[in-house]
Amino acid sequence: MLKPRLTMTLAATALGLALSLPAVAQDMSERYAQWTAEAAAGDLDAAYELGVLYYIGRWSDQGGPEHDPEKAVELWLPVAEAGDARAQWRLGWAYETGSGVPDRDQEEAFRWYSAAAAQDFALAFQPLGRMNLDGRGTDPDPVRAYELFTRGAEAGQTRAMNDLARMYRDEGRGPVHDPERSVDWYRLSAEQDDSNGVQGLAHAYLHGIGVERDPIAALRVHVEFENRSGREQTNAMLRILAEMT
């Protein structure tokens, strides 16, 4: 069985969680006031964290700010321009989705994701890979997408694992067609309780793509996921049972 290089998995996963959501603290109002004052004084780290609070708007009932993505982008822009990969990645997402900016701008999203990826920021690899694969903000480049998905997957990002698995599975989608390696990446994603990884692994067993066809194993993938995560898989299991009969 393929053993992908995952030397950065735990560190990258922890980094992703740390940068996606600020810690919920009892003194959120004090934290908000402190970051506001520090950001006004030119502290870029405080400006980044304050931007996350505004973008998510999740702790307004605990003294934090209301949801305001435009304010978040305003705070992140000078931080990103100063070279902070976290803020560059955030701006890439904002421009890709049109959240907090006047209009979606794929070229601007590509520029900011590229800046973050150039600093080996793991969370930027997968979205930048998707833009290269789809030809959004740049010319289509499946080889570059494959490289980026590989870097993201090896850094422990389940979205990158799933995209890389699809490239290996679907002939003509990427530079390398290898269904067995596809199963390996889907398995690693599923083991981290990623629902797309679970579906991909079950699909491989159900249709015999990269593994020997085994509908019972496909069913077991969903059962094990349900037992681990508590997320009901009734519909998925019924579909497998229907195909089995």
Side-chain angles (χ1 to χ4, degrees), residues 1-10 12-14 16-17 20-21 93 96-97 122-123 125-136 140-245:
M1 174 182 174
L2 173 71
K3 294 182 179 179
R5 179 168 53 87
L6 293 172
T7 56
M8 295 176 60
T9 299
L10 295 178
T13 301
L17 291 173
S20 296
L21 295 174
W93 173 258
E96 181 184 5
T97 61
L123 293 173
F125 295 144
Q126 185 271 343
L128 184 59
R130 289 292 310 181
M131 299 195 82
N132 276 277
L133 183 63
D134 300 337
R136 289 183 290 115
D141 189 345
V143 173
R144 176 61 174 156
Y146 171 76
E147 294 170 351
L148 287 161
F149 291 153
T150 300
R151 292 175 69 187
E154 290 178 347
Q157 300 298 315
T158 56
R159 288 185 177 182
M161 292 178 189
N162 296 329
D163 281 326
L164 182 60
R166 280 189 287 270
M167 293 196 90
Y168 280 130
R169 184 190 67 190
D170 301 338
E171 190 169 8
R173 185 174 179 85
V176 181
H177 178 234
D178 190 336
E180 291 184 4
R181 293 174 76 180
S182 171
V183 172
D184 290 331
W185 283 113
Y186 274 135
R187 191 186 310 281
L188 284 169
S189 176
E191 287 173 353
Q192 295 189 43
D193 291 339
D194 182 279
S195 59
N196 290 320
V198 169
Q199 293 172 14
L201 182 59
H203 182 270
Y205 277 116
L206 185 61
H207 298 283
I209 303 173
V211 290
E212 184 177 347
R213 186 174 186 274
D214 188 345
I216 299 300
L219 190 62
R220 187 179 300 116
V221 168
H222 283 285
V223 171
E224 291 175 350
F225 173 67
E226 183 174 285
N227 289 340
R228 289 194 309 268
S229 67
R231 294 165 65 181
E232 189 174 280
Q233 296 289 286
T234 303
N235 290 337
M237 290 187 282
L238 286 175
R239 285 196 297 270
I240 292 174
L241 289 171
E243 293 204 33
M244 288 170 61
T245 56

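Quick note: numbers below take in every heavy atom, side chains included, and nothing from hydrogens, waters or symmetry partners.
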Query raised in the report: Does the side chain of Phe149 come within less than 4.5 Å of Arg130's, by heavy atoms?
Result: yes
Query raised in the report: What heavy-atom pair brings Phe225 and Asp193 nearest, and what distance separates the two atoms?
Result: CE1-O, 3.5 Å
Query raised in the report: Hey, what do you get for CG (Leu219) to CG (Leu238), rounding to the nearest 0.5 Å?
Result: 9.5 Å
Query raised in the report: With a 4.5 Å limit on heavy-atom distance, are the side chains of Met167 and Val176 in contact?
Result: no
Query - Check: His177 side chain, Arg169 main-chain N or O, donor-acceptor pair, under 3.5 Å - result: yes
Requested in this report: Could you pull out the closest heavy-atom pair between Glu226 and Arg231, with the gap in Å?
Outcome: CG-O, 3.4 Å
Requested in this report: Find the distance between CD (Glu180) and OH (Tyr168) and round it off to the nearest 0.5 Å.
Outcome: 12.5 Å
Report task. Indicate yes or no for a side-chain donor-acceptor contact from Arg213 to the backbone of His207 under 3.5 Å, with no hydrogens or angles considered. Result -> no
Requested in this report: With rounding to the nearest 0.5 Å, note down the distance linking NE2 in His222 to CG in Leu241.
Outcome: 10.5 Å
Query raised in the report: So do the side chains of Gln233 and Val223 get within less than 4.5 Å of each other, counting heavy atoms only?
Result: no
Report summary line: On a heavy-atom basis, the closest approach of Val221 and Tyr205 is CG2-CD1, 4.1 Å
Query - Thr158: which of Asp194, Asp163, Asn196 passes side chain to side chain donor-acceptor pair (under 3.5 Å) - result: Asp194
Query raised in the report: Does any non-hydrogen side-chain atom of Glu191 lie less than 4.5 Å from one of Leu188?
Result: yes
Query raised in the report: So which heavy atom on Ile209 is nearest to which on Val183, and how close?
Result: O-CG2, 3.3 Å
Report summary line: CE (Met244) and CD1 (Ile216) are apart, to the nearest 0.5 Å, by 3.5 Å
Query raised in the report: Got more than 12 heavy atoms from elsewhere within 6.0 Å of CZ, Arg159?
Result: no
Requested in this report: Return the minimal non-hydrogen interatomic distance between Ala160 and Gly152, and the atom names on each side.
Outcome: CB-C, 3.5 Å
Requested in this report: Quick one: pull up OG1 in Thr150 and CD in Glu147 and give me the separation to the nearest 0.5 Å.
Outcome: 8.0 Å
Query raised in the report: Would you say the side chain of Asp214 lies within less than 4.5 Å of the side chain of Glu212, judging by non-hydrogen atoms?
Result: no
Query raised in the report: Looking at Ser195, Ser189, Ser182, which hits side chain to side chain donor-acceptor pair (under 3.5 Å) with Asn162?
Result: Ser189
Query raised in the report: From Leu128 CG over to Glu96 CD, what is the distance, rounded to the nearest 0.5 angstrom?
Result: 10.0 Å
**Report entry** Under 3.5 Å: donor-acceptor pair, side chain of Asp170, backbone of Arg173
**Finding:** no
**Report entry** For the student: nearest non-hydrogen atoms of Arg144 and Asn132, plus distance
**Finding:** CG-OD1, 3.4 Å
